[in-house]
2 protein chains.
Amino acid sequence: MARHAGVSMGTVSNVLNHPAKVSEQTIARVRDAIDTLGFVRDANASSLAAGGSRSIGLVVINLGNSMFVDVARGAQTAAHTAGLNLLLAGSEDSFAVQGANVDSFNEARVQGLLLAPLQDSSSQTRRMTQRGRPVVIVNYDASSDPVCCVVVDNEQVGYLAAKHLLDSGCERIAFLGGEDEKFQPVRLRRRGVRRAMAEAGRPVAFEEIAVDELTDAAGARAADAVAARSPGMRPDGVVAVTDTVAVGFIERALDLGIDVPGQIAVMGCDRNTSAPDCRVPLSSVAMQGYEMGTAAMRLLLDEIAHTPNHVHQRVVLAPSLVVRASTAGFRGGAADSHGTASEDDSSEVVNAG
Amino acid sequence: MARHAGVSMGTVSNVLNHPAKVSEQTIARVRDAIDTLGFVRDANASSLAAGGSRSIGLVVINLGNSMFVDVARGAQTAAHTAGLNLLLAGSEDSFAVQGANVDSFNEARVQGLLLAPLQDSSSQTRRMTQRGRPVVIVNYDASSDPVCCVVVDNEQVGYLAAKHLLDSGCERIAFLGGEDEKFQPVRLRRRGVRRAMAEAGRPVAFEEIAVDELTDAAGARAADAVAARSPGMRPDGVVAVTDTVAVGFIERALDLGIDVPGQIAVMGCDRNTSAPDCRVPLSSVAMQGYEMGTAAMRLLLDEIAHTPNHVHQRVVLAPSLVVRASTAGFRGGAADSHGTASEDDSSEVVNAG
DNA sequence: CTGAAAGCGCTTACAG
DNA sequence: CTGAAAGCGCTTACAG
């Protein structure tokens with residue numbers, strides 16, 4: 001390769017990495033040789049010699065959820081802007097697989113890691129941070145750990161969902177939430193729902209209906225419980241803690257002859273386009289995956305550049321309401337009092353500001 | 001590290017890579033040292049010294065389509081079974097990005113590549129195959145090139161979709177397909193639809209309605225055209241070439257007062273859970289992403305192991321019908337003549353066998 | 001079963 | 001601006 005161009009391999013390396021140090025003629029000669037020989041640089045040797053790779057790792061809990069694909073898109077864009085490569089891995093909802101992914105990127109000597117976990121993962125990230133490779137946590141509040149994180153305001157998610165039902169004229173609201181407090185977003189969304197209730201400014205009935213897991217089956221069981229009551233005792237607005245639970249509720253409610261949104265308006269909470277199909281397009285609250293990805297990469301690059309003078313921060317993004325048919329046709333529906341903007345799928349989006 | 005365990009680094013390497021060659025005592029001592037020192041092997045140095053990485057690359061055209069996430073899952077499973085690592089990248093529907101991903105894996109010295117493209121990509125894969133790294137093409141028929149490929153039988157996709165409408169009692173069938181022949185699946189699905197028509201065994205009207213792009217907007221325009229006719233001149237069964245086109249058609253049809261499936265039964269063709277929301281859950285034909293992933297990895301590993309005595313093959317997987325509400329309630333509906341099996345979402349699946 | 005040594009393909013100061 | 005040389009952290013025959 002180097003001899004084919006009549007130069008040393010040090011010069012070839014400079015053409016590839018520091019072209020400003022090489023004369024134009026030499027660059028042209030080397031590039032010719034690269035093309036004719038089909039030379040492809042060995043990134044392993046390169047990283048080894050340079051003392052580190054030009055890559056950032058991104059590990060998300062599940063690529064089956066479209067929000068995390070959005071995160072990857074955002075991170076990818078920001079990484080390329082910085083001239084870095086993005087390595088991507090999904091964890092299939094498994095903490096163990098996530099750990100293997102983190103280790104794999106650690107072995108690959110990534111410059112830093114973006115991690116979207118379901119639970120506290122400090123035991124896994126320590127393996128990176130100990131070696132001076134910064135970690136930024138995405139979509140999980142890890143602010144008790146010494147790391148940066150970027151999240152969507154889940155309290156605001158619950159608030160927007162409940163507020164929208166109140167604005168639509170609902171008088172008896174139910175929150176379908178998990179029984180336990182382990183799952184961080186459940187706790188926060190419930191709190192937001194309660195805040196909206198407290199601010200309602202008029203008497204509104206409120207209840208919680210426990211779902212024992214975050215599945216459509218659990219949502220369906222909640223619908224069974226509601227349908228068993230006399231119609232006057234049923235809620236007329238439901239906030240389900242996830243879209244999947246909401247879909248389960250709606251489908252079963254329809255099967256049981258309850259009109260959605262005519263008799264009960266239903267909100268999801270995480271705008272999950274991977275949720276099961278639903279006969280009634282679901283109003284929900286969008287989680288801003290792309291923006292989480294870009295923001296997280298920005299934090300990570302800052303930490304890489306300014307270690308050890310870096311101050312950890314927590315970035316909280318505002319979620320936005322997405323209004324579709326599962327609430328738009330509620331029979332008591334007063335118009336939403338917010339300003340609205342059309343999306344290209346002709347649903348309405350209200351930014352949380 | 002090695003000195004902390006009191007052994008040479010050659011022995012450490014053997015503990016990690018060939019533990020059978022090391023005594024149990026030494027292994028224990030080395031593992032202790034690894035744990036206490038938090039040692040993490042440098043995969044770059046490892047690949048360089050070993051003359052190749054332990055990784056396979058997978059490049060898919062877009063991770064936003066859930067089918068490709070399924071492909072990744074299948075490939076991942078098969079790779080881990082073989083003790084290999086799976087590197088994953090999405091191309092955002094861009095041929096240029098795809099090329100960058102291929103180059104990146106080429107530089108990483110992967111053992112082989114799985115590529116799910118939208119078009120002929122031999123110009124990009126040549127960069128890998130020239131260097132002795134096998135490539136398997138996924139979800140695209142590249143059998144004119146010297147590579148293995150694994151596809152779903154797209155002719156059968158069209159056939160199953162049309163056959164299901166015929167079995168449901170439709171008498172006037174329309175195919176919503178692309179105008180041009182550039183997009184391989186369009187051509188094949190159309191052919192399958194025509195075969196089903198030819199086999200109908202009774203007089204059935206057939207027409208094609210051209211859509212100029214594979215979007216929901218194009219589907220909506222097709223619905224406009226249909227609605228403009230007198231009701232007696234409309235099709236009563238529609239096969240849309242993709243789910244996204246089908247959703248656009250259905251939503252507009254409903255807006256225009258046409259009942260789906262009451263007046264028109266509608267089939268999609270690629271079971272795309274990333275398609276826009278639809279008021280009527282969509283019958284479609286599932287594309288077997290996971291199985292494509294495992295099959296492709298199997299072909300690739302065979303080629304890696306048996307080069308140059310490897311014979312390229314094309315694996316064709318059978319698609320399967322997924323019946324949901326957009327056809328199930330057609331007013332003329334005779335029962336489907338096939339045996340059926342319940343899915344956990346209580347839709348019906350008929351395997352193409 | 002273990003160690004010493006060569007070498008993988010690059011990058012990076014350092015001379016010139 | 002260019003080349004020669006050392007070295008990155010491993011793996012792999014090869015001796016012992």
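Chain A is the first sequence line, chain B the second, and so forth, proteins listed ahead of strands; every chain is numbered from 1.
Rounded to whole angstrom, the span from the CZ atom of A:R41 across to the C1' atom of C:dT11 amounts to 11 Å. We find that CG of A:N44 is positioned 10 Å from C1' of C:dG9, with the value rounded to whole Å. One interatomic measurement links the two molecules: CD of B:E107 to P of C:dC8, which rounds to 20 Å at whole-angstrom precision. Rounded to whole Å, atom P of D:dA6 lies 14 Å from atom CE of A:M9. Note: NZ (A:K21) to C1' (C:dC14) measures 11 Å, nearest angstrom.
Of all the heavy atoms in B:L86 and B:Q76, the pair that sits closest is CB-OE1, 3.7 Å.
Listed nucleotides D:dT2, C:dC8, D:dT12 differ in distance to B:L48; the shortest reach to its side chain belongs to C:dC8. Distances were taken from every side-chain heavy atom of B:A50 (C-beta onward) to each of D:dC10, D:dG7, D:dT12; the shortest belongs to D:dT12. Closest contact between the side chain of A:D42 and the listed nucleotides D:dT11, C:dT11, C:dC10 involves C:dC10.
Nearer the 5' end of DNA chain D, as judged by each residue's closest nucleotide, is the contact made by A:S23, out of A:S23 and B:L16. Sequence order on DNA chain C of the closest nucleotides to B:N14 and B:A45 puts B:N14 first from the 5' end. Positionally, the nearest nucleotide of DNA chain C for B:Q25 lies more toward the 5' end than for the other of B:Q25 and B:R109.
In this model, the phosphate group of C:dT11 is not approached by any side-chain N or O of A:H18 to a distance below 4.0 Å at OP1 or OP2. Listed pair A:T11 / D:dT2 fails the phosphate criterion, with no side-chain N or O lying under 4.0 Å from OP1 or OP2. Under 4.0 angstrom from either OP1 or OP2 of D:dC10 there lies no side-chain N or O belonging to B:S46. Listed pair A:S8 / D:dT2 fails the phosphate criterion, with no side-chain N or O lying under 4.0 Å from OP1 or OP2. Within the 4.0 Å cut-off from OP1 or OP2 of D:dC10, not a single side-chain nitrogen or oxygen of B:S47 is found.
Base contact: A:G10 has a heavy atom under 4.0 Å from a base atom. Across all strands, A:N17 comes closer than 4.0 Å only to sugar-phosphate atoms, never to a base (heavy-atom distances). Residue A:T26 is in sugar-phosphate contact alone, with no base atom involved, counting any heavy-atom pair closer than 4.0 Å across all strands shown.
A donor atom on one side chain and an acceptor atom on the other are not found under 3.5 Å apart for A:S121 and A:Y140. B:R131 and B:N106 are not linked by any side-chain donor-acceptor pair at a separation below 3.5 angstrom, with hydrogens and angles left out of the test. Inspection of the A:D302 and A:H306 side chains reveals an N or O donor paired with an N or O acceptor under 3.5 Å.
Of the charged side-chain nitrogens involved, none lies within less than 4.0 Å of a carboxylate oxygen, so that A:D32 and A:R29 do not count as a salt-bridged pair.
Searching all strands for a Watson-Crick or G-U wobble partner of D:dA4 with both distances below 3.5 Å returns nothing.
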